[in-house]
Each structure stands twice: as C-alpha cells, then as structure tokens.
J.: 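Pasting a structure here, questions to come.
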There are 2 protein chains.
Amino acid sequence: MGSQEQKAQKETARRKRPSQNSGGKVRRRGQKVKVPKISEAVVRRLPVYLRYLNNLKAMNVRTVSSQQLGEALDLNPAQIRKDLACFGEFGRKGIGYEVNYLVEKIKSILKLDKQVNVLLVGAGHLGHAISNYNAYLKDSMRIVAIFDADPHKIGKKIVNMMIQPLEELANTVKEKNIRIAIIAVPADAAQAVADRLVAAGITGILNFAPTNLRVPENVRVHDADVTMELHSLAYYL
Amino acid sequence: MGSQEQKAQKETARRKRPSQNSGGKVRRRGQKVKVPKISEAVVRRLPVYLRYLNNLKAMNVRTVSSQQLGEALDLNPAQIRKDLACFGEFGRKGIGYEVNYLVEKIKSILKLDKQVNVLLVGAGHLGHAISNYNAYLKDSMRIVAIFDADPHKIGKKIVNMMIQPLEELANTVKEKNIRIAIIAVPADAAQAVADRLVAAGITGILNFAPTNLRVPENVRVHDADVTMELHSLAYYL
DNA sequence: TAGATTGTTAATCGATTAACAATC
DNA sequence: TAGATTGTTAATCGATTAACAATC
C-alpha cells in the first residue's frame, strides 16, 4: 500500500496540469482552476465498475486489468482506462489496477466514503422493496427515513424505521442532513412531493413515478420508470 | 383524419428512399433494403414522448409543435423532429403534430399496437409493486404471469394472478407468447433466473437485481438497479 | 530482459444542434 | 398573403476507440 500513497500525491499534482480533457477553465480568487467536465456517461459507469470490483474484492482478487474488466462488463478497455484517468492515475503500467485501492478511490469519487443519508417517500409495496436495498447499499449509503401521506400508515414500522407524516419532512431533512430522496408514490402525487423535497433542500431525486418532474436546475432527477423501460424494451422485439 | 391516411402512404414510399440516416444498406434477395439504424438514445426518448402525448390527449389537446414538446420535456425541438423523422413524416409544416395520430404512430413503432405480454419473476415486495404497474401500462402491455422459487408462495394470488413455480415457466412462455420478462429476485438468484428465461425464449429482460447478467447477444437486458442509480446521484452532491 | 498494461494522444464515429428551404 | 413549423442538410460538439510511448 506504500507505493499507492506515493501515487496519491502524484495524482494531486496531476490534477492541476491541463489535460486533453475538454473541461473549461474557471478563474477563482485569481487562480486558474481546472474544472474537469466529467460526462454523465462516465458517472453512470463508475457504479458499474464499483459493483464488479466489490465482487472481485469479495473473491480476494488482488489486481485487475482494464482488459479483464472490459471482458466482464462488455466495455472497451480503453474506455475504462480513460474513465478512470479522469480522476487520477490509479493503475500501474504492466500490472493493472489494485482492486482494494480502486474500490476506495471510486467510492471517494462518488462521495461514498462517508455515509450518505437518503429518505424515501411512499410506503407502499415499492417503498417496502426499496427499504430492503439498505442491505445492498452497505455502509456507503443508507435510507434513514420513510414518509407517507396516508394517516393509517403513520407510526407503523418498516425495517426499523417509523413511517412519518410529510409534515415532518423538512425537519428530518435538516436533522439528519439528508440530500438525496427517493419518490415512490403514485404519478399524480409525485410533483407535489418533489416540490416539498426541493423546498426542504434535497438536491438529488430518484423518481419511480411515471411522470416528468419539474424541478429547479440545481436539483438532479434520475428516473427509474418501469413503464418507460418496458416500452423501450418492446421496440427491440 | 383523411389527410393523415395519405401521409401514411407517403411514409411507406419514403422509407425506401435512401436518406441522410447513417444506417447501412443490406442486400436481401437481390434488393437493396434500407436498414435504418436507430440509435438507443432515440429509442429511449420515444416512451418519453409517448407518455407526454398521452397526457395531452387526456387533456384533449389537438396538435402540438416540436417547440412545445421541447419546452415540456427539456429537449431540443430539432432533436424531437429528427427523432420522429427516423420513422416517417408525422407532422404538418406550419401546424405541428396531431396528438392522437402521433400517439398511434409511436405506439406502433414501439410495437405496442398489439398487447405485449410480460412475465415477472419474484413475488416479494418489489414483485408486488411491479404488478401494480399494469394500471399504468394500460392496454399496450400486460404482466400476465408471476413466478417465484419459494414453495410457500406458490398458489397465492397477486392482482388476479396465481404465483407459479419456476418449473412452469417454459410452458407459460409458450402458451401466452411471452417475449419480455422482469427479474425481481435477489442478486444471487438473478443469473440462474436469466438463464432459465433465455432458455424459454425470452428476448427482453428488465433486471432489477444489482448484478451483471450474462446473456446471449440476441437478448436485450435493461438494468433498473436502484443501488446504481443512487450511487451515481451521490456524485452530483 | 521481455511481456504486459497503463495513461494519453490522435482518429473515428455518432449524436446533437443550427439553419433554412419547403409548405401548411 | 404572412406567420409558423416541419423535414433535412450542414455544422458542431462530444464520446468512443485505436494506437503507442512510457514503464512496471
């Protein structure tokens, strides 16, 4: 691990040099600071790498090459190397990538090195199902609160969490420092919930409702719409 | 509607002419046949258009321009026109697109003009939640069978469907002409289920399990992995 | 050392956007 | 007719892939 520490320093230095990366340059307090424009496609692949690397780690695999990763994940090895190179020099020429080290690096890129608290709105079947993902999310992320509009559900428990009324949402967000929310309510209730989340300071939303949410542009919405996925699958029949 | 019929004929003719479309040409039985290479990005946007157009239809809106669609969906109007133009001439210069007509056209492009039967494997909370999407899928698609490995669940009912054992999968696929399947089982069971689905002749899979499925290349997998969506959201914090 | 594999540049490929003639 | 809007070409932008020097 000693040589990896050295490498870490090298990275820091490297980030200040300009690179082929198309990111713009921004002047801050008189300095030219590199803003490495990372594409959405890259960010979407990072969790894919992380998931597979975690498998390798569980199997006690020490190192892995971009070639091997590419074969396992159906991706071009050059693309994998380039993706990772956006964030630093994590590999060793002639050797490949040290699995444990790369896992930590990707976690830190995704800001998963500290626990990220998440809340869930909607305690129906879908909400129940999503609560169980805490096991998969491991220590990096955690669903820490559940809300529902139905008075009959308030106070009941799901996986150790008490279902709370929406009125408590803003307070809980502040108390538990929550920044990400999951919407698992019917389509016709989703926009109102989203407005409430935004007002409470949420900046990332995973939306399961089959509807287009309108949010301010500083808020990011990822859609996980079953109907849309099924519809696009049908095209390829 | 009369003029739309004429337009339909025009389209058919049009598809045989070469266009700027980058699709390759393939020789079949001595004829040059256009194989319009439609990009994945286009196919993923079609259900977005359809969902919004269905809303307009419900509100009795007659026509809509690419400009209006673009504003509502946060897309460039030129992109919307180009997407639709991949499949024919659906609009009218100076007017826009007739909502009802366009809905039918997109449905037919997505092969949703006839009911598409879907099966679901996994009768946990997630499976329950997904069964309820039948309401949103309307008449175009329908989850028509549910399977589970747990003997205690076999025979119980979810939304009018009896939970079946996996042993019956192949037969049901044949009987009900099912081509698309949804995997809603734990990660460690997903690959075995996928193998079984592929063996039964399924060609499209919507996978909710947080794992990389390995399938033959004629089978299409869409991942709907909550953990990956949450992880990539975290990046933008 | 010889073989392997990275990081990175250059080449390619594809997707998005702008612009505009055609026309409703 | 004048204004609006499509379908489509051309221009731009960005992402993927190939290739290779550097080096473990």
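The figures here come from the full heavy-atom set of this structure, side chains too, leaving out hydrogens, waters and symmetry mates. Treat the numbers as computed from the prediction; the structure is a model and nothing was measured. Sequence lines set the chain letters: A, B, ... in the order given, protein chains first and strands last, and positions in each chain run from 1.
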J.: Could you state the atom-to-atom distance from CD of B:Glu89 to C1' of D:dT5 in whole Å?
T.: 13 Å

J.: Using a cut-off of strictly less than 4.0 Å, decide whether A:Arg45 has a side-chain nitrogen or oxygen near OP1 or OP2 of D:dT16.
T.: yes

J.: For DNA chain D, whose closest nucleotide is more 5', that of A:Gly94 or that of A:Arg81?
T.: A:Arg81

J.: In whole angstrom, give the distance that lies between atom CZ of B:Phe90 and atom C1' of D:dG7.
T.: 12 Å

J.: To the nearest Å, give me how far apart NZ (A:Lys93) and P (C:dA2) are.
T.: 20 Å

J.: Whole angstrom is fine here: how far is it from CG in A:Leu84 over to P in C:dT5?
T.: 16 Å

J.: Between C:dG7, C:dT16, C:dA15, spot the one nearest the side chain of B:Ser39, thanks.
T.: C:dA15

J.: Which listed nucleotide (C:dG7, C:dA18, C:dT16) is nearest to the side chain of B:Gln79?
T.: C:dT16

J.: Are any side-chain N or O atoms of A:Tyr136 and backbone N or O atoms of B:Ala187, one a donor and one an acceptor, separated by less than 3.5 Å?
T.: yes

J.: Measuring to OP1 and OP2 of D:dT6, would you say a side-chain N or O of B:Ser66 lies under 4.0 angstrom away?
T.: yes

J.: Separation of A:Ile95 atom CD1 from D:dT23 atom C1', in whole Å?
T.: 10 Å

J.: Test B:Tyr49 against every option in B:Leu75, B:Leu69, B:Leu102 by the side chain to side chain contact (heavy atoms under 4.5 Å, CB included) rule and name the one that passes.
T.: B:Leu75

J.: With a 3.5 angstrom cut-off on both distances, give the Watson-Crick or G-U wobble partner of C:dC24, or none if there isn't one.
T.: D:dG3

J.: Testing the 3.5 Å rule here: is there a donor-acceptor pair between the side chains of A:Asn117 and A:Gln115?
T.: yes

J.: Evaluate the side-chain hydrogen bond (donor to acceptor under 3.5 Å, both in side chains) criterion for residues A:Gln79 and A:Asp83: first the C-alpha distance (whole Å), next the side-chain angles of each, then the deciding distance (0.1 Å), finally the verdict.
T.: CA-CA 6 Å; A:Gln79 181 170 67; A:Asp83 283 357; 5.3 Å; no

J.: Output yes when at least one side-chain N/O atom of B:Tyr97 is less than 4.0 Å from OP1 or OP2 of D:dG7, else no.
T.: yes

J.: In this structure, how many angstroms lie between the P atom of C:dT9 and the NZ atom of A:Lys82, rounded?
T.: 9 Å

J.: Would you kindly give the CD1-to-P distance between B:Ile80 and C:dA18, to the nearest whole Å?
T.: 13 Å

J.: Using both distances under 3.5 Å as the test, list the Watson-Crick or G-U wobble partner of C:dT16, or none.
T.: D:dA11

J.: Does A:Arg92 place a side-chain N or O at less than 4.0 Å from the phosphate oxygens OP1/OP2 of C:dT6?
T.: no

J.: Any sub-3.5 Å donor-acceptor pair from B:Gln191's side-chain atoms to B:Arg214's backbone N or O?
T.: yes

J.: Take the protein atom CG of A:Asn76 and the nucleotide atom P of C:dT12, then report the distance between them rounded to whole Å.
T.: 16 Å

